Every structure is written in C-alpha cells, then in structure tokens.
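Before any comments, here is the structure.
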Number of protein chains: 2
Amino acid sequence: MSTKAALNKRWQSGDNGLAIERLPAKESFKSRAYAALKEAITNMNIYGSDEPLLLDERDISERLGASRTPIREAVAMLEQEGLLKAVPRRGILVVRRTKAEMIEMIEAWAALESMAARLATSRASDEAIAELRAFFKEFDFNRIERERCDEYSTANIAFHQALIRLSGSSLLAAMTDNLFFHVRAIRHRTIFEMDRAQRSASDHLEIIQAIEARDADRAERLVRDHTLRLARHVESHVNLD
Amino acid sequence: MSTKAALNKRWQSGDNGLAIERLPAKESFKSRAYAALKEAITNMNIYGSDEPLLLDERDISERLGASRTPIREAVAMLEQEGLLKAVPRRGILVVRRTKAEMIEMIEAWAALESMAARLATSRASDEAIAELRAFFKEFDFNRIERERCDEYSTANIAFHQALIRLSGSSLLAAMTDNLFFHVRAIRHRTIFEMDRAQRSASDHLEIIQAIEARDADRAERLVRDHTLRLARHVESHVNLD
DNA sequence: TGCTGGTATTTGGTATGCCAAATTTCGAAG
DNA sequence: CTTCGAAATTTGGCATACCAAATACCAGCA
C-alpha cells in the first residue's frame with residue numbers, strides 16, 4: 001500500500017488492537033441542550049394541569065446561553081423520541097400521552113422485561129442474580145411507609161431496570177428506559193394507585209426465585225403477568241385524557 | 001367567560017363539534033429531508049462494503065435544494081433513531097450494527113411480536129385473523145422459488161407486521177418497524193441464510209392456528225420461539241463485524 | 001358594551017456566514 | 001524516494017438575520 005493510499009484511509013479501520021477511543025471532546029451545545037431539556041422535562045409535572053405545556057425556542061436558547069440552532073436540533077431529537085412536538089407558529093409543546101398510549105407502553109414494557117427475564121435465566125451469573133436479590137432487600141415495606149412514594153416509585157423502577165440489565169441486552173435496557181420515562185411521568189397523578197399495583201414485594205421475590213432456579217418459562221411468565229397487571233390496573237383505575 | 005379570556009385560550013379546546021382539522025400545511029424541509037434521508041438509507045446497501053459510509057451536509061442540502069439547517073435537524077433526528085452518527089470534523093456516517101447488536105434486535109423483536117400475538121388472541125376479531133390467513137397464502141413456496149429472495153424477505157417481514165397489527169397496539173407496531181428497518185438492512189448480505197430460518201411456512205401456519213384458537217400462551221410461545229430461532233441462526237451462521 | 005377589522009408582535013422555519021478543528025495537499029529537507 | 005510540516009481546504013458547530021404565518025392587541029364602529 002502506497003503512502004498516499006494509506007493516508008486516504010487513515011481512519012477507516014485503524015484497528016490495530018490499540019484500545020483507545022477518541023477523547024471525549026467537550027460535548028456540543030446540541031448534546032448539552034438535549035440533556036438539559038430532557039432533564040427539565042423529566043422534572044416537570046406534565047400531567048399536573050390540563051393547559052398545554054409549551055416551550056419557547058428563544059427563551060430556552062437565552063437561558064442555556066446558546067443560539068437557537070443547537071436548541072432546535074435538540075428539540076428535533078426530543079421530538080423524534082416522542083417527548084416534544086413542535087407545532088409551527090404555535091410553539092414546542094410537551095407531549096401528553098393518552099391513557100390508551102400509556103397502557104400500550106406498559107404492555108410493551110411487559111414484553112421486553114419478560115424477555116429480559118427469560119434471557120437472564122440462561123445468561124446471568126449466580127453472582128449477578130444474587131446482587132438482584134440484595135437490591136431487592138431495599139424494597140422493604142418499612143421503607144415504603146416512611147419515605148415519599150415518589151422516591152419509592154423511582155426505586156421500584158430501578159429494581160426492574162436492574163432485572164433487565166441481567167439479560168445482558170443493552171437494547172432491552174435502552175428500550176425500556178425510554179418507556180419508563182413516559183410511565184414515570186404520570187407518577188405525580190397516579191403514584192398511589194400505581195404503587196399499589198406494583199409494590200407487591202412477593203411478586204418480586206417470586207421473580208427472583210424463578211431466575212435463580214433458571215426457570216425461563218416461569219420467570220418470563222411472572223414478569224409478564226406482574227407488569228400486565230399494572231396495565232390492567234391503569235386501565236381501570238387511572239384517569240387521563 | 002370574558003371575550004379576552006376566550007381569545008387567550010382560542011386553540012386549547014375549540015371543540016364545538018365542527019369536524020375539521022388544521023389543513024395539511026405543506027410539510028417542512030426538515031420533515032422532507034428526514035423522509036428523503038431515511039428513504040435513501042433504506043435503499044442503501046449498508047453492509048455491502050467495509051468502507052465507512054459517510055454523508056456530507058452541504059452535498060445533501062444542495063441535492064435537496066434546501067439549506068444546511070433543516071438538513072442538520074433531520075440528521076439529528078436520524079441520529080436519535082440510531083441510523084446515523086455525526087462525527088465532528090469527520091462526517092455523518094451511516095451506522096453499521098454489530099452482530100451482537102443485531103441479535104439483540106431480533107430478541108427484542110421476539111419479545112414484542114410474541115406479546116403482540118398474545119394480545120391478538122384476546123383482541124383481534126375473527127375477520128382480522130382471517131385476513132392474516134389470507135395474507136399468509138402469499139407465502140407460497142412456489143413464489144419463493146421464482147421471485148427474488150430480496151422481495152420475499154420483504155414480504156416475510158410484511159407478514160410479521162400484519163400479525164403485530166392484530167394486537168391493536170400501534171406502539172408495538174412502531175417499535176418493531178424500527179427493529180425491522182435494521183434487520184432488513186443486512187438482508188443483502190444474509191438473505192439466503194436468514195430466509196432459511198424464517199421461511200418455515202409451517203411455523204407461520206401454526207401461529208395463525210394458535211391465534212385462531214385464541215390460545216394466548218401457545219401463540220406467544222410459537223412466535224417467540226420462531227423469532228428466537230432466527231436469533232440463534234444469525235448467531236451461528238451470519239458473519240458481521 | 002361588544003364585535004370587527006386591521007396592525008403590531010410573536011414565533012418557528014430557513015438561509016447564510018463565520019469559526020475552529022481536522023484533514024489533505026504539497027513542497028522542501030534529508 | 002521518503003519524511004515532515006506548514007499552508008490550504010474541508011467540514012461540522014454555532015450564531016445571526018430575515019421571512020411568512022399566526023397570534024395578540026387595539027382602535028373604531030355599531
């Protein structure tokens with residue numbers, strides 16, 4: 001290979017075993033705006049009122065100290081993610097999910113997490129599963145009593161996330177994280193209802209036992225039914241729209 | 001309500017029974033660029049070579065007859081979707097999935113479609129299921145022989161999409177569509193291998209029968225195993241990376 | 001007082017231009 | 001002929017300006 005040719009493909013596959021990555025390169029305004037907006041939306045009580053929640057590009061760009069361009073790119077990403085919706089000449093509004101959509105999300109969650117449980121039974125190490133059990137101990141009813149339900153809900157989801165990570169599939173983790181984001185958004189309105197359906201510590205214990213026993217079918221079924229039960233609960237007890 | 005107050009909430013809920021929608025409002029360059037780029041990427045033989053596939057903002061904006069701004073927003077969306085990756089001072093490259101990622105996608109697909117099958121058994125009408133069977137007839141082995149495998153693969157995926165739509169969940173449909181996009185991308189390289197694992201018409205027939213019999217557990221299991229079989233096949237017979 | 005029409009303002013969409021980082025070019029040195 | 005490095009070029013990130021559509025405001029009329 002001539003020198004010239006070598007130069008021309010300088011970074012096409014420079015894989016010579018050297019395990020170094022491109023250095024962090026301070027993240028762009030676009031990325032920072034994306035993170036800031038997502039964070040802001042997360043901490044927003046989306047379902048607290050019925051008024052349309054709308055943002056203003058110029059206001060955001062001012063507050064973040066950047067021009068509108070990177071903000072608009074961040075908004076485009078969040079729009080793709082389904083969190084925002086830019087309406088021409090109106091504003092950028094935070095999307096509210098309907099009850100039907102929320103139920104679909106919980107069903108998708110049930111699908112993904114039950115698959116994760118199945119995969120975990122054949123892939124997770126005993127040690128990793130043990131960590132799950134240790135994690136589970138934190139879901140002590142005593143804690144539930146004395147801590148804010150809001151925090152408990154967060155911890156509850158963390159348990160499910162830990163379970164999903166046992167599958168070793170980063171895709172299942174990513175997909176459910178996105179679903180959890182939306183489901184968590186209605187916690188302000190439905191925290192009490194949802195927790196009642198979700199905090200069945202016995203369910204969690206059974207799930208862990210099934211995974212420990214490497215019983216794929218049982219683990220999958222328990223997780224699926226556990227989450228589908230939440231879906232049915234939301235269907236009959238939660239009021240959105 | 002005063003006139004002023006009425007004006008202030010003019011479009012919050014102007015629902016007075018008049019069944020007219022906001023007129024189409026010609027889609028923005030951003031949307032068109034997004035569609036055009038996605039279309040282009042779809043028709044691209046992503047795994048046909050090992051060279052990095054990179055795009056150029058200025059070139060694209062020229063060819064689409066728009067400025068770089070809307071193109072950049074479209075790219076940001078496709079980046080969020082995982083199809084592109086903009087690398088500063090390098091270019092916008094089309095993301096290639098590793099074999100491990102591809103397997104994770106097929107597993108997620110198995111999770112979502114098996115849930116769809118379960119839901120379909122309790123929600124789909126007999127008529128809708130019948131349509132599925134009619135659709136299935138197109139998957140005649142004779143056709144397989146005489147048509148291009150490429151087209152067959154597309155039709156095969158269409159069958160799975162039809163099944164998923166039976167669930168009535170547009171979310172499951174959307175999530176799997178996205179997965180199918182990626183899985184289809186490697187068809188050029190692995191079409192023969194993948195079809196061998198997927199074209200088991202008998203599997204499809206059994207699935208339909210299970211749904212017709214409203215046997216949720218069986219339908220779910222058949223769909224799951226059918227797709228997980230593809231995952232294992234890809235794992236052992238497909239060469240990526 | 002209440003409604004109407006016109007005007008000023010707001011707001012997202014798009015085009016342009018500049019900048020810094022990274023690459024490529026290319027000529028001089030060895 | 002290879003190597004080296006500085007200049008020229010390329011390329012994405014960002015800021016700014018302008019536009020058209022839609023809204024908000026307000027004067028004027030009934």
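Only this structure's heavy atoms are used, side chains among them; waters, hydrogens and symmetry mates stay out. As the structure is a prediction and not an experimental result, all values here were calculated from the model. Just so we're on the same page: letters track the sequence lines, and every chain starts at 1.
Between the P atom of dT23(C) and the CG atom of L54(B) lies a distance of 12 Å, rounded to the nearest Å. If you take CG of D56(A) and C1' of dT10(C), they are 9 Å apart, rounded to a whole angstrom. Rounded to an integer number of Å, the gap from CD of E79(B) to P of dG13(D) is 8 Å. Rounded to an integer number of Å, the gap from E57(A) CD to dA21(D) P is 18 Å. Between the P atom of dG13(D) and the CD atom of E73(B) lies a distance of 13 Å, rounded to the nearest Å. Remark: P of dT11(C) and CD of E62(A) are 11 Å apart, rounded to the nearest angstrom. The separation between R72(B) atom CZ and dT11(D) atom C1' is 10 Å, rounded to whole Å. The CD1 atom of I60(B) sits 12 Å away from the P atom of dT11(D) (whole-angstrom rounding).
Between H160(B) and H226(B), the ring planes are parallel. Angles under 30° get that label, and only those over 60° would be called perpendicular.
A side-chain contact (heavy atoms from CB on, under 4.5 Å) with M175(A) holds for exactly one of L171(A), D177(A), L179(A), N178(A); it is L171(A). Each of I46(B), N45(B), L84(B) was scored for a side-chain contact (heavy atoms from CB on, under 4.5 Å) with L53(B), with one residue passing: I46(B). Results of the side-chain contact (heavy atoms from CB on, under 4.5 Å) test with L78(A) over L83(A), V95(A), L55(A) single out L83(A) as the only residue that passes. Here the rule is side-chain contact (heavy atoms from CB on, under 4.5 Å) with E73(A), and of I71(A), T69(A), V75(A) only T69(A) fits it.
Among the protein residues, I71(B) comes within range of no part of the nucleic acid, since none of its heavy atoms lies under 4.0 Å from any strand.
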Between the protein and nucleotides 15-17 of chain D, list every N/O to N/O distance that falls short of 3.5 Å.
{"unit_1": "dA15(D)", "atom_1": "OP2", "unit_2": "S67(A)", "atom_2": "N", "d": "2.5"}
{"unit_1": "dA15(D)", "atom_1": "OP2", "unit_2": "S67(A)", "atom_2": "OG", "d": "2.7"}
{"unit_1": "dA15(D)", "atom_1": "N7", "unit_2": "T69(A)", "atom_2": "OG1", "d": "2.9"}
{"unit_1": "dT16(D)", "atom_1": "O4", "unit_2": "T69(A)", "atom_2": "OG1", "d": "3.3"}

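The number of heavy-atom neighbours closer than 6.0 Å to NZ of K38(A), taken from other residues, nucleotides and ligands shown, is above 12.
Side-chain nitrogen and oxygen atoms of R90(A) include none within less than 4.0 Å of the OP1 or OP2 phosphate oxygen of dG12(C).
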